[in-house]
Every structure is written in structure tokens, then in C-alpha cells.
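Comments concern the structure below.
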Amino acid sequence: MLDPILLRNALQETADKLATTRGLTLPVADIETLEIERKALQIETQELQASRNRVAKEIGQRKSKGEDAKDLLTLAAAVPEKLKATEDRLTEIQERLLHILERVPNIPQSSVPLGNDESANVEVRRVGTPRQFDFPVKDHVELGADGGLDAEAGARLSGSRFTVLRGSIARLHRALAQFMLDVHVNEHGYLEHNVPLLVSPASMHGTGQLPKFGEDLFEVPYGTRLLAIDGNALSALRNALMRNDKTDTLSLVNGIAADAGLKALPRLPIGLWEDLQHPEALVATLHRWLWRRMYLIPTAEVSLTNLYADQIVDGESLPQRLTAHSLCFRAEAGAAGRDTRGMIRQHQFEKVELVQIARPDQSEAQLEEMTAHAETILRKLELPFRTMLLCSGDMGFASAKTYDIEVWLPSQNTYREISSCSNCEAFQARRMQARFRNATGKTELVHTLNGSGVAVGRALIAVMENYQTADGSIRVPSVLRPYLRGAEFA
RNA sequence: GGAGAGGUGGCAGAGUGGUCGAAUGCGCCGGAUUCGAAAUCCGGUUUACGGUUCCGCCGUAACGUGGGUUCGAAUCCCACCCUCUCCGCCA
């Protein structure tokens, strides 16, 4: 989340920046109107509260002295109703501002090249030379066709984008994960973690997956009870929506909640109102807002970074380096038809994640360090790669600067992403209130960084394809042999 | 799943309707004492937002979360979340 101060003091400037870098149009006029209203309402609210407090205190003092306070009581009786109305309006305005703000992406650093898509990314390094093959190159699907890499079995169990690994390929996969973790822990100074794969909506919000990118996630309801919604209740709700009647909508929604034994909403959140504008997804929307739920992490970044949510750490202890090997789950909703062959793009995959928590003065250097840490894995595996500085339009929502590392895939005769290292600056920290105490004793938001170190499934593919032999076996990279009882071939 | 206890400032811990943003202790910062240190003594020590005659002051909010009662809520009521103990079940 951007600093709300930007919307107050530098709105146009911020909007311009987002337009040129992200190609995004900020609703400047709306924000301005809301801000003016917010300010007026806040002052009004606070004045009412102050007068309420004064009178209440006076009553208390008189009563403790045994004096009469009847006149004050009649005077005070009118205040609560008026105050409640003002408070409610203020809450709504603040909610609407937050609704906009939490959907605005981070502003790229000035060193980030401008561009709309990957064609504007800049290559900063190229390491290793792709091997020359004196036989027809097979892709990983063909190399795993003996059953080592079984997409058909995966599909039978779960559907498309799932793969079963077997035998030496499964072991190679495991060896890769072990190797990466060992390098980062023993040579790069990261603290090994094993983290929850299921996290709360709050955690997803903290790293920026929610509220905007829920469709990319797997959502898990508590229990197996279905949310059955009475048809009459649904059509009544549709009716209220058509009439644009918020009061009715809220009471109908709460009626449905009560029928299902779920807790009622105290007021109609702006986000729910907006979701309800899509009547075709009514049931799903109600489910999401009324049902308690968890999410499968799309990356261990979510779990690792959120360890610092609502924490205040000592500035002297930064930067902190954390790593975890974890499963990752992605719905890949926007990638239909892309990378359907092989295990490049799966709903479930493994990754060794790197996270750093840094002071603002450190984060730029730490991004370079972390990217180098990820590259080290590929260097040790002797896989050719190139490092790309992503352009402004190709970066993720929370990032201020991102390097992608792309590994050489001979079957595709190109480099494919195997790691992404980002500096999110205070964007995530602000959402999750992750802070440190600086030298003067004041609290300040930390900077958060995350990077893949690296994607295990894609590393497996890269090893298979780059290390293939004429007879279709895989030579084992020397750094992995200790993990495979010294085996030379897999 | 059943029974019970509890969630308060960096930590510990008091506070059961009114001058409580909150006693006390620890920690931390500054000062005194000392050749220096320890001990001791004195003072200070939450965060966010708003206002301002802006480096000072004024106001508002926050005692797990969200509602409610009340002129007034950390304190009373309701719902939920979380933690701990015991029992049951379980990888």
C-alpha cells in the first residue's frame, strides 16, 4: 500500500507517476472529493467527541461530589445520536478511500526502465554458454516419458497442470530442493524455516495478494458444509440490488447468514457492495464474505514476510535473511492455454524462497545481494542464465524493483523465468505494520524483499534438458551428486 | 469435540462504570552521585490521525476483534478470533 500521505499532499504527482510507469489511471477527482469530505467529517466528529467528553466528565465530577447533574444529563442526551451518524459517515468515507488505495500498485524506483510489457525489460547479465548438442534435443516431457515425469497420472488424480514424479526424477527433484536450501543456509546466512501453507485472509492481504488477486489463489473453506441459499432469499437480494437499496441488501445478506448459522455483518462493506454488482456470482460472493476461509500460499513469501506483521524489531538486527522450501499453489486463472505442455506451469509446485527484512537504507543493496544469491544456485548447477531488470509495466503489484532470472531451456531455444527477486520497499510493511526501531528510538516501516532461490520444478526441467545425453538419460550436476549417493546419471 | 482460565503499554502485572492512556515493577533514555563503574536517587519513556500562532502546544482515537447498553465503557451485555490447562480423538 502506498503512503496515504501521497494522496493528500501529492495526489496529481502520484497519479502522473502511476500513469507513466504502470499505465494506470488513478481516479483523481474521486479521491480529491473523498479527501475533502474526510477532512471535514473528521474534524466534525472529533469536535462532537470532545464536547461529549467534556460534558460526561463534568457529570462525573458533580456526581462524585453528590451534586445534581440533571440539567447536564438532558443536555447530553441528544449528543450520541448525532455523533453516531457523523462517525458512520466518516467510517464509510475512510473505507472508500482505503478501498481505492489498497488496490493501487507500488511506484517503481527511478532506476526501473519504462515500458508496458516484457519487450522493454533490460538484460543486465548473461552467464554461461548454452551447450551445443550433436544429437536431436529432447524436451523434458520426452525425457520423462518413461514414467519419471507423468502428466497423465497427474491429470487422472487432479486434472490438468498436475504432474507425478517417479523414481530417479523424483529423487533429483528432492536433491535440488535440498541443495538450494543448504547453499542459502550454509553459505548465504539465511535462517531455515518450515512454514504454514494455509494462511489467513489477513496474511494474504499483508503481502498484497488480496484484495485484488484472489482469482489467482486457491481458497479453502472451513469444514465441508455447503452454504445453501434459499431461492426466495436470493431473488429478494437480486431485487434489492436492482433497486440500489443498501439497507435492504444488508439485512437480506444477514438473513442469509443467520439461516446458515454464520455471523452477521455489522454494516455493508464497500467491497461487498461492489462484488454484489456482479449478480452472476452472487452465491460465490456471499460465500466469500460470510464464510470463514483460508488460502493456499502461492509462494512462501506470504508466510515468511507475514512473520513480521504487527512486529517491531530492533533496527540493529537488520537485515534479516529467511528461507523456506515450500509447496506453492496457483490457480493460474489468467494463463489458460499457456505452457500447457510439460511442467513449466503447474497448479502445485515447489520453491525455495528467500526473504529479507531490511532498513530503508539497506534495501537497494540487499536486492542486489539476494539476486546474486539466487544466481549462485544456477552457477553451481552450471546452468546458463540471464538476469533481466523488469520494466515498470511488467513488475508485480507490490514491487518497486524486480530482477527476473531466466534459465536456458534448449528445447525451447530460449531463456525462461526461474526466479524473480523484488524489493517491495515499505509497500507490504505498511499493509502489515511491520516496523523496526531506528537509532533515535522511533518506529519506522521496514522494507521487505523476496526472491525465488529458485523454483524447484523449473530447475528440474532445466537440469533434465541441459544435462541430457544421446541415450536420453540425465547426467547429474556434480553439486547434486552428494545428495544422490554419488550417482553420475539419473 | 467437552470442561475451565485468560487476552491491558517493549516485557511482567494492577485496574469491575466517571479526573484511567491507564498504578507498580523490570527494561530503556537523560541527569545527579563516582577517578570510573556497580548500587542508589531524580526525571523521562505507546502508537495513529487531525488542528495549529508548527520544532512546542491543543484535540481525537486505540486496553484481542466487531457490535450493543449508557450522559460516560479497559470495566456491563452479545457474537467472533486467539492463547493456556485438563479430558477425548488424531498424523
Side-chain angles (χ1 to χ4, degrees), chain A residues 1 3-9 34-84 86-95 97-98 101 194 196-203 205 222-225 250-251 253-254 257-258 260-269 271-272 289-294 306 308-317 426 429-446:
Chain A
M1 203 165 76
D3 192 339
I5 297 294
L6 287 176
L7 297 194
R8 287 179 209 153
N9 299 341
L34 285 168
E35 262 305 325
I36 291 167
E37 205 171 338
R38 193 219 92 235
K39 196 160 180 171
L41 277 169
Q42 184 162 342
I43 292 169
E44 192 186 342
T45 306
Q46 293 187 353
E47 274 168 4
L48 282 168
Q49 286 167 331
S51 74
R52 174 203 62 191
N53 291 349
R54 267 196 307 275
V55 175
K57 196 175 234 179
E58 176 72 22
I59 292 171
Q61 280 169 350
R62 283 206 206 168
K63 285 209 168 174
S64 66
K65 285 187 231 152
E67 296 173 14
D68 179 66
K70 210 161 245 169
D71 53 326
L72 287 176
L73 281 172
T74 33
L75 183 78
V79 177
E81 197 183 351
K82 198 169 158 197
L83 180 58
K84 179 84 168 68
T86 323
E87 277 175 338
D88 284 352
R89 272 201 299 151
L90 178 61
T91 306
E92 195 196 323
I93 298 293
Q94 284 173 327
E95 210 173 78
L97 277 165
L98 184 65
L101 189 59
N194 188 289
L197 307 180
L198 278 167
V199 300
S200 66
S203 293
H205 198 271
Y222 267 64
T224 54
R225 193 160 46 129
L250 178 62
S251 66
V253 167
N254 279 336
L262 301 170
K263 86 169 179 183
L265 301 168
R267 68 173 164 276
L268 189 64
L272 172 57
W289 282 87
L290 298 174
W291 203 259
R292 213 179 137 213
R293 64 201 188 281
M294 305 262 269
N306 274 293
Y308 291 83
D310 299 313
Q311 300 291 306
I312 301 172
V313 298
D314 181 3
E316 290 296 307
S317 72
R430 186 170 293 111
R431 290 173 162 251
M432 63 174 79
Q433 286 301 300
R435 293 170 295 174
F436 72 98
R437 212 169 280 286
N438 67 22
T440 67
K442 282 279 160 204
T443 56
E444 227 180 297
L445 295 169
V446 298

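These values consider heavy atoms only, across backbone and side chains, with no hydrogens, waters or symmetry-generated copies.
For residues 37-53 of chain A, every residue pair satisfying the salt bridge (Lys or Arg N to Asp or Glu O under 4.0 Å) rule, not counting sequence neighbours, is listed here: A:Glu35-A:Arg38.
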Worksheet entry | Contact state string [nucleotides 6-17 of chain B, B base, S sugar-phosphate only, - no protein heavy atom under 4.0 Å] | ------------
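The side-chain hydrogen bond (donor to acceptor under 3.5 Å, both in side chains) search around A:Lys82 returns none, not counting sequence neighbours.
A:Glu316 has its CD atom 15 Å from the C1' atom of B:rC28, to the nearest Å.
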Are any protein N/O atoms closer than 3.5 Å to N/O atoms in nucleotides 64-70 of chain B? If there are, list each pair with its distance.
residue, atom, partner, partner atom, Å
B:rG67, OP1, A:Arg267, NH1, 3.0

Quick one: which protein N/O atoms are closer than 3.5 Å to N/O atoms of nucleotides 54-59 of chain B? Pair and distance per line, please.
residue, atom, partner, partner atom, Å
B:rG59, N2, A:Gln46, OE1, 3.2
B:rG59, N2, A:Gln46, NE2, 3.3

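Across B:rA73 and B:rG15, the matching C1' atoms stand 13 Å from one another, rounded to whole Å.
Candidate nucleotides B:rA61, B:rG50, B:rC71 were compared by shortest atom distance to the side chain of A:Pro80, and B:rC71 ranks first. Considering only side-chain atoms of A:Ala56, the nucleotide from B:rG72, B:rG50, B:rC82 that sits closest is B:rG72.
Between A:Arg8 and A:Arg54, the residue anchored nearer the 5' end of RNA chain B, judged by the nucleotide with its closest heavy atom, is A:Arg8.
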Worksheet item: RNA chain B in dot-bracket, Watson-Crick or G-U pairs under 3.5 Å, [ ] crossing, | other strand?
Response: ((((((((.[[[..)..(.....]]]((((((.......))))))(((((((...))))))).[[[[[..)....]]]]])))))))....
Practice prompt. Determine, stepwise, if the pair A:Glu58 / A:Arg54 fulfils salt bridge (Lys or Arg N to Asp or Glu O under 4.0 Å).
Written response: CA-CA 6 Å; A:Glu58 176 72 22; A:Arg54 267 196 307 275; over 6 Å; no
